[in-house]
There are 2 protein chains.
Amino acid sequence: MKKIQRSQCPLANALDVLGDKWSLLVIRDLALGASTYGELLQAPEGIPTNLLADRLKRLQAQEIVEKTAYQQRPVRYSYSLTEKGNGLKPVLLELLKWGLAYVPDTRLPDAVLGKINLKSVVRNQSDLD
Amino acid sequence: MKKIQRSQCPLANALDVLGDKWSLLVIRDLALGASTYGELLQAPEGIPTNLLADRLKRLQAQEIVEKTAYQQRPVRYSYSLTEKGNGLKPVLLELLKWGLAYVPDTRLPDAVLGKINLKSVVRNQSDLD
DNA sequence: TCATGTTGCTTGCAAAAAGCAAGTCATAAA
DNA sequence: TTTATGACTTGCTTTTTGCAAGCAACATGA
């Protein structure tokens, strides 16, 4: 069932996993502290529930996201980024900076401003921690 | 027919433009020196010609790419990155570094190695190890 | 002049993915 | 017993993707 890779280019391979409109938004929300399925559904972009389920499966298969049951009866799950997932934070930050710089009518919500260190315009892995 | 934006998040807006499997690959090739339609078609990933035409149109509409006729009789066109398009290079670099660091069986072709600031790639790659 | 080739696309169509609404299942609380 | 919540799944329509062809404007060679 595994697809063969389009090329050995690391960028093409990254896009095979992340090249859609939702995956990086899910990763954004996990990076900003969301952890349950319900919280991820609350994102302002309104991801359809079947797509959220699909993306979480794919991201788990890629070991970018992990799922753990944090309680039993009733069982409740929490999602979080793996180390590989955390490795995407510099990507999120560069895309964010590009959007802010070049796409009109974009801004960071105040709630997010507190979590990101935009002063360090240089990429810094701990910016989104 | 301009779509309304999903949210004001700069990341979401960036993904509305770039969130697919081909756009950033086209931008990669332009950044690496490709300039004609035919050259862009030669990318190892094998982009279908109708999708290349579509992506070039969309990227021009977003002012990420510009098209100029560099000769008449016969008319020949060259594509290049605008300043907005060049602003995506840090994004390409971070995605590339992530792919190199975390996706198995990826590598940079020798032809590309000469064109990229290898120091920054290597330095950050070791940070991720 | 005619056949052939090259560049830069467009068109048609089947298959895959996205998007929307509704349904399901295991509890838990009222 | 009814209602509610979390975490999804299913069904169906619309949109996008991915081939394969086709086409127009020249250029070149016989």
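Convention: sequence-line order gives letters A, B, ...; per-chain numbering from 1.
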Could you encode protein contacts along nucleotides 14-20 of chain D as a string, one character per nucleotide from 5' to 3', using B for base contact, S for sugar-phosphate-only contact and - for no contact, with a heavy-atom cut-off of under 4.0 Å?
-> --SSBB-
Grab the [atom1]-[atom2] distance between [X] and [N] for me, whole Å please.
X       : N     : atom1 : atom2 : result
B/Leu52 : C/dC9 : CG    : C1'   : 9 Å
B/Gln42 : C/dT6 : CD    : C1'   : 12 Å
B/Leu40 : C/dT7 : CG    : P     : 13 Å

So, for A/Tyr77 and A/Thr36, which heavy atoms are closest and what is the spacing to 0.1 Å?
-> O-CG2, 3.8 Å
N/O donor-acceptor pairs under 3.5 Å from side chains in residues 4-15 of chain A, not counting sequence neighbours:
{"from": "A/Gln5", "atom 1": "NE2", "to": "A/Ser7", "atom 2": "O", "distance (Å)": "3.4"}
{"from": "A/Gln5", "atom 1": "NE2", "to": "A/Asn13", "atom 2": "OD1", "distance (Å)": "2.9"}
{"from": "A/Gln5", "atom 1": "NE2", "to": "B/Asp105", "atom 2": "O", "distance (Å)": "3.4"}
{"from": "A/Arg6", "atom 1": "NE", "to": "A/Asp16", "atom 2": "OD1", "distance (Å)": "2.9"}
{"from": "A/Arg6", "atom 1": "NH1", "to": "B/Lys21", "atom 2": "O", "distance (Å)": "3.3"}
{"from": "A/Arg6", "atom 1": "NH2", "to": "A/Asp16", "atom 2": "OD1", "distance (Å)": "3.1"}
{"from": "A/Arg6", "atom 1": "NH2", "to": "B/Lys21", "atom 2": "O", "distance (Å)": "3.2"}
{"from": "A/Ser7", "atom 1": "OG", "to": "A/Cys9", "atom 2": "N", "distance (Å)": "3.1"}
{"from": "A/Ser7", "atom 1": "OG", "to": "B/Glu45", "atom 2": "OE2", "distance (Å)": "2.5"}
{"from": "A/Gln8", "atom 1": "OE1", "to": "B/Arg107", "atom 2": "NE", "distance (Å)": "3.1"}
{"from": "A/Gln8", "atom 1": "NE2", "to": "B/Asp105", "atom 2": "OD1", "distance (Å)": "3.2"}
{"from": "A/Asn13", "atom 1": "ND2", "to": "A/Ser7", "atom 2": "O", "distance (Å)": "2.9"}
{"from": "A/Asn13", "atom 1": "ND2", "to": "A/Cys9", "atom 2": "O", "distance (Å)": "2.8"}

Would you call B/Tyr79 and B/Ser35 a side-chain contact if the rule is heavy atoms closer than 4.5 Å?
->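 No - every pair of side-chain heavy atoms lies 4.5 Å or more apart.
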Answer whether the closest heavy-atom distance between the side chains of A/Leu24 and A/Arg28 falls below 4.5 Å.
-> no
Counting only N and O atoms by type, is there a donor-acceptor contact under 3.5 Å from the side chain of A/Lys115 to the main-chain atoms of A/Leu32?
-> yes
Check: A/Ile64 main-chain N/O paired with A/Thr82 side-chain donor or acceptor under 3.5 Å |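 Side chain of A/Thr82 to backbone of A/Ile64: a pair is present.
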Which of B/Val65, B/Asp54, B/Leu30 passes side chain to side chain contact (heavy atoms under 4.5 Å, CB included) with B/Leu59? Answer is B/Val65
Please name the residue in the list B/Leu51, B/Leu81, B/Leu52 that meets the side chain to side chain contact (heavy atoms under 4.5 Å, CB included) test with B/Val26.
->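 With B/Val26 as partner, B/Leu51, B/Leu81, B/Leu52 yield a single side chain to side chain contact (heavy atoms under 4.5 Å, CB included), made by B/Leu52.
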With respect to the phosphate group of D/dT9, does any side-chain polar atom (N or O) of A/Tyr37 fall under 4.0 Å of OP1 or OP2?
->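 For D/dT9, OP1/OP2 do not have a side-chain N/O of A/Tyr37 under 4.0 Å.
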Of residues 67-77 of chain B, the positions that come close to DNA chain C - non-hydrogen atoms, cut-off under 4.0 Å =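 DNA chain C contact set from residues 67-77 of chain B: B/Lys67, B/Arg76, B/Tyr77.
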